[in-house]
Amino acid sequence: MDQILEFFKHLINPSWIIEHGGLYLLLAIIFAETGLFIGFFLPGDSLLFVAGIYSEDLCRSFYDMPFFVVMLLIALAGVLGNMVGFWFGQKSGPLLFKKKDTFFFKKKHLHQAHDFFVKYGGGAIFLARFLPIIRTFAPIVAGIVQMEKKKFMLFNIIGSFSWVFSMMLAGHYLDKLFPTLKNHLELIILVIILVTTLPVIIKLVSGKVKHPIDHDPNKSEVTSASDTTL
């Protein structure tokens, strides 16, 4: 049991992931965090930023692949993750609103993604990429409300590539400008977590999150979100 807890502790440490898991573990985590509801706790933003800082080591550990190819593979993992979440939402999403909370599943996160999606429509798929927790549940909600697949894929691809490339390039070039950046990773990760989670925290504290537990996914109030544009 202690070993399992220790492993989960490492999973929220971007530096450990890069140094011990390499690109393979990074791809698995990005895939899980962007489409599987059990991956909502994973450190997507800080992981990508740190991956940019360690870009040379990351590329060297993966057959000396160019940095662009590494970013491309990670972005594709994000696209595939959202596709799985969308499919899951289509098949069994409505049942999640009635599912009891577990360690890996919190219904409040689904409600947050639902309200976020209703507010921003299709653009929520793009915007959610930059919001922890929301990005995990947004594709599931998109599947629940039966968003048009072509529109979903457009926002999915644009969002994934924008998120991955911006975070990794930021880490890569800031490391070039400030070579001592690696010495302050804990502080950098903390700042990234605070900045990216601040909107979610404010939403929770304000108490404005609605809980449409009894919503029927087929009602116009919900399905109309699929026709909303950014």
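Ring orientation note: the planes of F86 and F152 are close to parallel, at an angle under 30° on the 30°/60° scale.
Put simply, CG on N156 and CG on N82 are 4.5 Å apart, with the number rounded to the nearest 0.5 Å. Between atom CD1 of residue I74 and atom CZ of residue F31 there is a gap of 15.0 Å, rounded to the nearest 0.5 Å. Taken to the nearest 0.5 Å, the CG atom of D175 stands 9.0 Å off from the OH atom of Y54. Atom CE of residue M168 and atom CG of residue L47 lie 8.5 Å apart, to the nearest 0.5 angstrom. To the nearest 0.5 Å, atoms OG1 (T34) and CZ (F137) are separated by 12.5 Å. Taking CG from L48 and CD1 from I192, the interatomic distance works out to 9.5 Å, rounded to the nearest 0.5 Å.
Counting non-hydrogen atoms of other residues, nucleotides and ligands closer than 6.0 Å to CE of M83 gives a total of 12 or fewer.
A 4.5 Å side-chain heavy-atom check between K151 and I125 finds every atom pair outside the cut-off. Counting heavy atoms from C-beta on, the side chains of V141 and M147 never come closer than 4.5 Å. By the 4.5 Å heavy-atom criterion applied to side chains, L58 and F62 are not counted as neighbours.
Only one option out of R60, K176, H172 pairs with S55 in a side-chain hydrogen bond (donor to acceptor under 3.5 Å, both in side chains); it is H172. Considering F161, F130, F49 in turn, F130 is the only one that fulfils the side chain to side chain contact (heavy atoms under 4.5 Å, CB included) rule with S166.
Checking side-chain atoms of S160 against main-chain N and O of I157 turns up no donor-acceptor pair under 3.5 Å.
Closest approach of R129 and D45 over heavy atoms only: O-OD1, 4.2 Å. Listed here is the closest heavy atom pair of G171 and I53: O-CG1, 3.5 Å.
By the side-chain hydrogen bond (donor to acceptor under 3.5 Å, both in side chains) test, S61 pairs with no residue at all, sequence neighbours left out.
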Yes or no on ring pair (Phe, Tyr, Trp, His ring centres under 6.0 Å) for F165 and F68, after CA distance, side-chain angles and deciding distance?
-> CA-CA 9 Å; F165 276 62; F68 175 81; 5.8 Å; yes
